[in-house]
S.K.: 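Here it is: the structure, laid out below.
Positions are given from 1 along the sequence.
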Amino acid sequence: MSRRRITSISNLLQLIENDTLTITSVKCKTKAFADVTETDNVTPEKFLESLEYLNEAKLFRDGVDFFYEFTGKNSIRIECGMKNPYLDEYFYADCTLKDGVSVNDIEARLRETIFHKMDEKITM
């Protein structure tokens with residue numbers, strides 16, 4: 001499966017907070033020049049804390065792109081970052097799916113938009 005965009009950071013946070021997704025490891029790759037790349041480890045707790053702050057920052061939260069790609073039957077990689085002409089900094093969070101949760105369930109939640117939520121309210 002190819003890399004797809006996450007429509008809302010709040011959808012990702014909800015999956016993590018409900019223990020549907022568990023962050024197992026996070027790496028930060030920084031590329032300062034064409035030939036200089038640095039990789040650092042980030043704790044899952046710090047990554048989650050930063051996601052929560054970004055979600056609260058309504059003005060800036062859409063300035064960071066989030067993508068996902070399924071890397072196995074029960075695993076997914078979240079990629080996030082913001083490119084600029086002088087510095088590429090991306091975070092890669094490897095996550096596992098909760099037992100009994102399907103890839104289709106995760107994908108539906110990550111692709112959900114405000115229009116899906118409005119449709120649910122209308123049908124209730």
S.K.: Partners of D65 by salt bridge (Lys or Arg N to Asp or Glu O under 4.0 Å), sequence neighbours excluded?
M.R.: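 Residues passing salt bridge (Lys or Arg N to Asp or Glu O under 4.0 Å) with D65: R5.
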S.K.: Can you tell if the side chain of L97 reaches within under 4.5 Å of the side chain of L21, non-hydrogen atoms only?
M.R.: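 Yes. Closest side-chain heavy atoms under 4.5 Å.
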S.K.: Indicate yes or no: at least one non-hydrogen side-chain atom of I9 is less than 4.5 angstrom from one of V64.
M.R.: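 Counting from C-beta outward, I9 and V64 never come under 4.5 Å.
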S.K.: Starting at CD1 of I106, measure out to CG of N11 and round the result to the nearest 0.5 Å.
M.R.: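 Answer rounded to 0.5 Å: 11.0 Å.
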S.K.: Grab the two heavy atoms, one from T24 and one from P44, that are nearest each other, plus how far apart they are.
M.R.: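 Answer, listing the atom of T24 first, then P44: O-CG, 4.2 Å.
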S.K.: With sequence neighbours left out, what residues match E79 under salt bridge (Lys or Arg N to Asp or Glu O under 4.0 Å)?
M.R.: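 Partners of E79 by the salt bridge (Lys or Arg N to Asp or Glu O under 4.0 Å) criterion, ordered by chain and then number, come out as R3.
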S.K.: Please write out which residues are connected to F67 in a hydrophobic cluster, directly or through intermediates, given that two of Ile, Leu, Val, Met, Phe, Trp, Tyr count as joined at side-chain heavy-atom separations below 4.5 angstrom.
M.R.: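 F67 clusters with nothing; isolated.
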S.K.: Roughly how far, to the nearest 0.5 Å, is NZ of K27 from CG of D94?
M.R.: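 NZ of K27 is found 8.5 Å from CG of D94.
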S.K.: Working to the nearest 0.5 Å, report the span between CD1 of I78 and CD1 of I6.
M.R.: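 Spacing of CD1 (I78) from CD1 (I6) equals 4.0 Å.
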S.K.: Test your reading of the model: is there a side-chain donor-acceptor pair from S25 to the backbone of A93, 3.5 Å cut-off?
M.R.: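 No; judged by distance alone, with no hydrogens or angles, the pair does not exist.
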S.K.: With sequence neighbours left out, what residues match T22 under side-chain contact (heavy atoms from CB on, under 4.5 Å)?
M.R.: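 With sequence neighbours excluded, T22 shows a side-chain contact (heavy atoms from CB on, under 4.5 Å) to T96, given in chain and number order.
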S.K.: Taking only residues two or more places apart in sequence or in another chain, which ones pass side-chain hydrogen bond (donor to acceptor under 3.5 Å, both in side chains) with S102?
M.R.: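 Testing S102 for side-chain hydrogen bond (donor to acceptor under 3.5 Å, both in side chains), a comparison that skips the adjacent residues, returns D105.
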S.K.: Looking at every non-hydrogen atom in both residues, tell me the closest pair between V103 and K73 and how far apart they are.
M.R.: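 So the two residues come closest at CG2-O, 3.7 Å.
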S.K.: Would you please test Y68 and F66 for ring pair (Phe, Tyr, Trp, His ring centres under 6.0 Å) and show each step?
M.R.: CA-CA 7 Å; Y68 67 95; F66 287 87; over 10 Å; no
S.K.: Hey, what do you get for CZ (F47) to CG (N41), rounding to the nearest 0.5 Å?
M.R.: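 The distance works out to 13.0 Å.
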S.K.: Distance check, rounded to the nearest 0.5 Å: L13 atom CG versus L51 atom CG?
M.R.: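 Answer for the CG-CG pair, L13 versus L51, is 5.0 Å.
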S.K.: Find the distance between OG (S2) and CZ (R4) and round it off to the nearest 0.5 Å.
M.R.: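 Atom-to-atom, S2:OG and R4:CZ are 6.5 Å apart.
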S.K.: Does the side chain of L110 reach to within under 4.5 Å of the side chain of L12, using non-hydrogen atoms?
M.R.: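 A side-chain contact under 4.5 Å exists here.
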S.K.: Can you name the residues that form a side-chain contact (heavy atoms from CB on, under 4.5 Å) with T30, not counting sequence neighbours?
M.R.: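 Counting only residues at least two positions away or on another chain, T30 forms a side-chain contact (heavy atoms from CB on, under 4.5 Å) with C28, L87, E89.
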